[in-house]
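I have placed the structure first, in the form of structure tokens, so that the comments after it can refer back to it.
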Amino acid sequence: MFIAIQIFLFVANSLFALPAVSRQIEDASGEYVFYRDYSFTRESYIGFLFYDEATYEVRYFAPEVKIDSGEIVPAKNLQILFSINPNAAHLELTGERLVTMPLEEDTQIINYIHDLLYDLTAHRIKLGALEFTDYSKSNGDFLSEGKVVHENYAQFGGNVTMIFDPIVPIFNLKKIVDYAGNDIFVVCTIGRLEDSQDKSFAEFVPSSAMKNSSEKKSAKKIKSGKAMQIEYDAQLNENQKFHQEISADKNWETQSENMWTLGDDAFVILSGFAFQQEIAQKGSDFVTAQILRLFAASNGYAFSDWSKLGVFVDGKKIKISARTYNPKTDHNLTVIKTFGRAAENFYGFFSCTAFTEGYEKNRGYYDKIVKSYEFGIRQ
């Protein structure tokens, strides 16, 4: 469960976008997004993966389900690799390959995927340049914040409301709400493949798969110990250090210079990172969006559940409150990350990770530690 994070430098990657789409943050190779699609009668998910400017993959996944008759309907998985013309003024498919072997009954789903690709691209092109979402005015409903657009979308029943946000890869689409106010197409996670061996996109399962998790970790009430300051300094230059600290207690044990653990129940990390100057010069809104896109994403098989995601921006601090689930380990974790701006291109990083069951039972204890995070530059 415990992985140390060191200071690192954000660098530019090879970036591209859908053809004819004007955007603030370009997509990086390996980025993906999954949506819950409520237009199907069974629980269904659609994922889009960006390889490069000419190659995308789309995946349809429906978990195993038990119907009223008691019959078990097996899971369904369809994956299609598409090549497109990156120089076209609209989406122009130049080829496709079925990654998984479909059944005859899957023809309708495959046709639906084609229509979805064309329609979502057309809606995104029509939108033009998209401004960053101002999370300093957050109302707490993360999935409802962003650029609101009212459209006629025949595939989803006519008049719909579409919400866009630059931190979502590919289409920048957070969700679609139908005329009656019901969610019909909603982002459930984003992520990025670490390398060519990373199979997390192809093996993604929804958070509903964790309802019967085999994890039975017993969560106990934490008794506060003697007060203790946890501190970490990062060298900014010859004359300055970036100092960070939190107020905790003697229950926490030092594991490394920047990581402390609470038995096997939780760990905290203090670290920092720098953006390249060319990124920092694009302004705080751009940097904030980059941080949200990177740190609200899934990491390997630790899928970030966006239905539980909270984002708060206040002055020089950015806070991400997330729930992750890992179908490989049956772990459900609560992860709270806070970022403090120390300089134009340098941010402090504080992360608190705990098993969700334990966090819920000791919310006050953990939240007090999170709120105590302080930072500043020292000579």
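Atoms considered below: every heavy atom in the structure, side chains included; atoms not considered: hydrogens, waters and symmetry mates. One is the number of the first residue; the rest follow in order along the sequence.
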Start with the C-alpha gap between L103 and D106, add the side-chain angles, then the distance that decides, and say whether side-chain contact (heavy atoms from CB on, under 4.5 Å) holds. CA-CA 5 Å; L103 303 174; D106 297 331; 3.5 Å; yes
List the steps and the verdict of side-chain contact (heavy atoms from CB on, under 4.5 Å) for I25 and F132. CA-CA 10 Å; I25 301 177; F132 295 116; 4.1 Å; yes
Check against side-chain contact (heavy atoms from CB on, under 4.5 Å), F303 and F204: CA-CA 8 Å; F303 295 111; F204 162 83; 3.8 Å; yes
Run Y56 and F50 through ring pair (Phe, Tyr, Trp, His ring centres under 6.0 Å) and show every step you take. CA-CA 5 Å; Y56 289 79; F50 173 80; 5.2 Å; yes
For K371 and S247, run side-chain contact (heavy atoms from CB on, under 4.5 Å): C-alpha distance rounded to whole Å, both residues' side-chain angles, the deciding distance at 0.1 Å, then the answer. CA-CA 9 Å; K371 290 177 181 177; S247 299; over 6 Å; no
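Every residue two or more places apart in sequence or in another chain that forms a ring pair (Phe, Tyr, Trp, His ring centres under 6.0 Å) with Y112 is listed here: F40. Applying the ring pair (Phe, Tyr, Trp, His ring centres under 6.0 Å) criterion to H90, with sequence neighbours excluded, gives no partner residue. With sequence neighbours excluded, the residues satisfying side chain to side chain contact (heavy atoms under 4.5 Å, CB included) with Q197 are D195. When the side-chain hydrogen bond (donor to acceptor under 3.5 Å, both in side chains) test is applied to E57, the partners found at least two apart in sequence or on another chain are Y51, Q79. Residues satisfying the salt bridge (Lys or Arg N to Asp or Glu O under 4.0 Å) criterion with E360, sequence neighbours excluded, are R323, R363. Under the side chain to side chain contact (heavy atoms under 4.5 Å, CB included) criterion, N182 pairs with D178, A180, sequence neighbours left out. Residues satisfying the side-chain hydrogen bond (donor to acceptor under 3.5 Å, both in side chains) criterion with S200, sequence neighbours excluded, are D198. With sequence neighbours left out, the side-chain hydrogen bond (donor to acceptor under 3.5 Å, both in side chains) criterion links S307 to D305. With sequence neighbours excluded, the residues forming a ring pair (Phe, Tyr, Trp, His ring centres under 6.0 Å) with F201 are Y32, F34, listed by chain and number. Residues meeting the side-chain hydrogen bond (donor to acceptor under 3.5 Å, both in side chains) test with T254, sequence neighbours left out: W260. Taking the ring pair (Phe, Tyr, Trp, His ring centres under 6.0 Å) definition, one finds that F61 meets it with nothing, sequence neighbours left out.
Tested against S298, the residues T324, T189, N326 include a single side-chain hydrogen bond (donor to acceptor under 3.5 Å, both in side chains) partner, T189.
Side-chain heavy atoms closer than 4.5 Å link hydrophobic residues (I, L, V, M, F, W, Y) into clusters, and following such links, possibly through other members, connects Y118 to L120. Residues L294 and I291 share a single hydrophobic cluster, defined by chaining ILVMFWY side chains whose heavy atoms lie under 4.5 Å apart. Note on L93 and L116: same hydrophobic cluster, where clusters join Ile, Leu, Val, Met, Phe, Trp and Tyr whose side-chain heavy atoms are under 4.5 Å apart, directly or indirectly.
Under the 6.0 Å cut-off for aromatic ring centres, H243 and F375 do not qualify, their centroids lying 6.0 Å or more apart. Aromatic ring centres of Y359 and Y365: separated by at least 6.0 Å. Taking the ring centroids of F346 and F242, they lie under the 6.0 Å cut-off. Between F339 and F349, the gap from one ring centroid to the other is short of 6.0 Å.
The environment of NZ in K147 is sparse: at most 12 heavy-atom neighbours from other residues, nucleotides or ligands sit within 6.0 Å. Crowding of E203 atom CD: a count of heavy atoms from other residues, nucleotides or ligands under 6.0 Å exceeding 12. For Q108, the CD atom sits in a loose shell: 12 or fewer heavy atoms of surrounding residues, nucleotides or ligands are nearer than 6.0 Å.
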Could you tabulate the donor-acceptor pairs under 3.5 Å formed by side-chain atoms of residues 160-172, not counting sequence neighbours?
from, atom 1, to, atom 2, distance (Å)
T161, OG1, H150, ND1, 3.2
D165, OD1, I167, N, 3.1
D165, OD2, T133, OG1, 3.0
D165, OD2, Y135, OH, 2.5
D165, OD2, K174, NZ, 3.2
N172, OD1, R124, NE, 2.9
N172, OD1, R124, NH2, 3.1
N172, ND2, V168, O, 2.7

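For Y325 (side chain) and Y301 (main-chain N/O), no donor-acceptor pair under 3.5 Å exists by modelled atom type. The backbone N or O of D52 sits nowhere less than 3.5 Å from a side-chain atom of T55 that would complete a donor-acceptor pair.
In summary, E64 and K76 do not engage in a salt bridge, as defined by a charged side-chain N under 4.0 Å from a carboxylate O.
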